[in-house]
Amino acid sequence: MLDENETPDLTEDEKKLFADLMPDDLSEILDTGVNRRHFLKLMTLAGGGMLAAQSAVAEQLLTRPLSETPAADLAPTAIENGVEVAFKVNGTARKLTVDSRMTLLDTLRERLDLTGSKKGCDHGQCGACTVIVDGQRVLSCLTLAASCEGKTVQTIEGLAKGNTLHPMQEAFLKHDGFQCGFCTPGQICSAVAVLDEARRGDASYVTTDVRKKPGPVQLSPDEIRERMSGNLCRCGAYPNIVAAIQEVHTGKPVEQQFRFTA
């Protein structure tokens, strides 16, 4: 799809489209390309049915593949404050030059084309960007890529083995642990890490006795809710998510329960 900041060379038909629908903006578009304001204005016209007569040209314009240089191919000289980072991502060694201020989330999405991890709040409050670094779940929007030097990063793309889904992915499908799906990559990565935490005996806020010698923890529904509390689901699929994690944790089928209001 046409990016809102793309500045493509317009065809004659596309120039005519803008001349007919957005004549006041035509000169600016020809000089600097399609910016955010032009893009949103065109989308508004499309939503209002104003592009019916020029539907073929509009479709060509809005679905044009990006022609700009991929971010992954940026030369080091084009990056400010560049630092080299070498780490392993989903089992593959990667080495690239990034801005020292670039987050792990932006590096995964923009430089490595791993777009499963989502940018929700970008403030570490929603958990949609959760990935696993050296066995620990982290909020990739608050983690600098440079801090991952020499580490192992696992994202949602690295959980399945070929066409075989990870047990947690299968459980989420079985229990309908997602609706819109935006938070699901972070939920699943977090859930996988929660089971590792339980095997290590890591304590949580609802642990009865934190002074006991660490050992495998049997996760109750309350434990799961507490440990997953940093991952928000605006669709409200929490009971299904808890059931999915319980099933993978215990290895036993968990009955699906549906609650209806009177």
Side-chain angles (χ1 to χ4, degrees), residues 1-7 36 65-162 165-166 168-169 172 178 180-197 200 202 227-234:
M1 177 178 287
L2 180 68
D3 185 76
E4 64 185 24
N5 295 313
E6 190 182 358
T7 58
R36 178 180 176 83
L66 295 179
S67 58
E68 58 190 29
T69 303
D73 296 331
L74 287 176
T77 53
I79 299 175
E80 294 184 8
N81 307 300
V83 294
E84 282 196 355
V85 179
F87 52 176
K88 187 174 287 188
V89 182
N90 297 330
T92 302
R94 306 301 298 259
K95 185 175 182 179
L96 63 161
T97 301
V98 299
D99 189 307
S100 60
R101 301 159 295 183
M102 194 172 196
T103 65
L104 176 59
L105 176 61
D106 287 340
T107 301
L108 292 172
R109 291 181 57 84
E110 299 176 13
R111 301 296 305 280
L112 300 180
D113 201 28
L114 296 171
T115 56
S117 305
K118 296 297 185 284
K119 181 176 287 193
C121 64
D122 207 23
H123 287 77
Q125 297 175 343
C126 72
C129 68
T130 303
V131 299
I132 303 171
V133 177
D134 282 354
Q136 301 281 350
R137 49 183 168 155
V138 304
L139 297 167
S140 60
C141 76
L142 297 183
T143 304
L144 291 176
S147 71
C148 296
E149 170 71 28
K151 297 183 179 180
T152 298
V153 179
Q154 188 172 38
T155 71
I156 188 67
E157 291 91 345
L159 292 181
K161 303 299 182 184
L165 294 179
H166 187 282
M168 190 64 72
Q169 292 173 307
F172 266 65
F178 56 90
C180 79
F182 190 85
C183 73
T184 305
Q187 296 276 4
I188 292 178
C189 284
S190 192
V192 170
V194 161
L195 298 191
D196 288 337
E197 291 171 5
R200 292 194 301 263
D202 294 354
R227 293 174 187 264
M228 291 292 294
S229 61
N231 290 81
L232 304 183
C233 173
R234 289 176 174 84

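One is the number of the first residue; the rest follow in order along the sequence.
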Legend entry - T103 to C141 - nearest heavy-atom pair and separation: CG2-O, 3.4 Å
Inset, instruction - Go through the steps to decide whether R137 and V192 satisfy the test side-chain contact (heavy atoms from CB on, under 4.5 Å), and finish with yes or no. - result: CA-CA 9 Å; R137 49 183 168 155; V192 170; over 6 Å; no
Inset, instruction - Return yes if some donor-acceptor pair links the side-chain N/O of K95 with the main-chain N/O of A93 below 3.5 Å, else return no. - result: no
Legend entry - Side-chain (H123) to main-chain (Q125) donor-acceptor, under 3.5 angstrom: no
Legend entry - Between R109 and T115, a side-chain donor and acceptor under 3.5 Å: no
Inset, instruction - Check whether any side-chain heavy atom of V89 sits under 4.5 Å from a side-chain heavy atom of L114, and report yes or no. - result: yes
Inset, instruction - Give a yes or no answer on whether the side chain of E84 reaches the backbone of L96 with a donor-acceptor pair at less than 3.5 Å. - result: no
Inset, instruction - Look at atom CZ of R200 and say whether more than 12 heavy atoms of other residues, nucleotides or ligands are closer to it than 6.0 Å. - result: yes
Legend entry - Test item: Q136 side-chain N/O and V133 main-chain N/O as donor-acceptor pair under 3.5 Å: no
Legend entry - Atom pair OG (S190) and CZ (R227), whose distance is rounded to the nearest 0.5 Å: 11.0 Å
Inset, instruction - Taking all non-hydrogen atoms of both residues into account, name the closest pair between G120 and F182 and its distance. - result: CA-CE2, 3.8 Å
Inset, instruction - State, yes or no, whether a side-chain contact exists between I156 and I188 at a heavy-atom distance under 4.5 Å. - result: yes
Inset, instruction - Could you tell me which non-hydrogen atom of S117 sits nearest to which non-hydrogen atom of T155, and how far apart they are? - result: OG-CB, 4.2 Å
Legend entry - Expected output: side-chain S147 to main-chain L144 donor-acceptor under 3.5 Å: yes
Inset, instruction - May I ask you to say whether D106 pairs ionically with R111, meaning some side-chain N is under 4.0 Å from a carboxylate O? - result: no
Legend entry - Closest heavy-atom pair and its distance - C189, L159: SG-CD1, 4.5 Å
Inset, instruction - Measure the shortest side-chain to side-chain distance between R101 and E80 over non-hydrogen atoms and say whether it is less than 4.5 angstrom. - result: yes
Inset, instruction - Give a yes or no on whether the backbone of G186 and the side-chain of N231 come within a donor-acceptor separation of less than 3.5 Å. - result: yes
Legend entry - Flag side-chain contact, heavy atom, 4.5 Å: K119 against C129: no
Legend entry - Rounded distance [0.5 Å steps], CG in L195 versus CD in E197: 9.0 Å
Legend entry - Donor-acceptor pair, side chain of D134 and main chain of T152, under 3.5 angstrom: yes
Inset, instruction - Indicate the atoms forming the closest heavy-atom contact of L104 with C148, along with that distance. - result: CD2-SG, 3.9 Å
Inset, instruction - Would you confirm whether S140, through its side chain, and V131, through its main-chain N or O, come within 3.5 Å as a donor-acceptor pair? - result: no
Inset, instruction - Might you point out which heavy atoms bring F178 and F172 nearest each other, and give the distance in Å? - result: CE2-O, 3.8 Å
Inset, instruction - Would you sort out whether Q187 and C233 count as a side-chain contact (heavy atoms from CB on, under 4.5 Å), showing the intermediate values? - result: CA-CA 8 Å; Q187 296 276 4; C233 173; 3.7 Å; yes
Legend entry - Nearest-0.5 Å distance, CG of residue L105 to NZ of residue K118: 10.0 Å
Inset, instruction - For E149 and A86, indicate whether the former's side chain and the latter's backbone hold a donor-acceptor pair under 3.5 Å. - result: yes
Inset, instruction - Could you tell me the separation between the CG atom of D196 and the CD1 atom of I132, rounded to the nearest 0.5 Å? - result: 7.0 Å
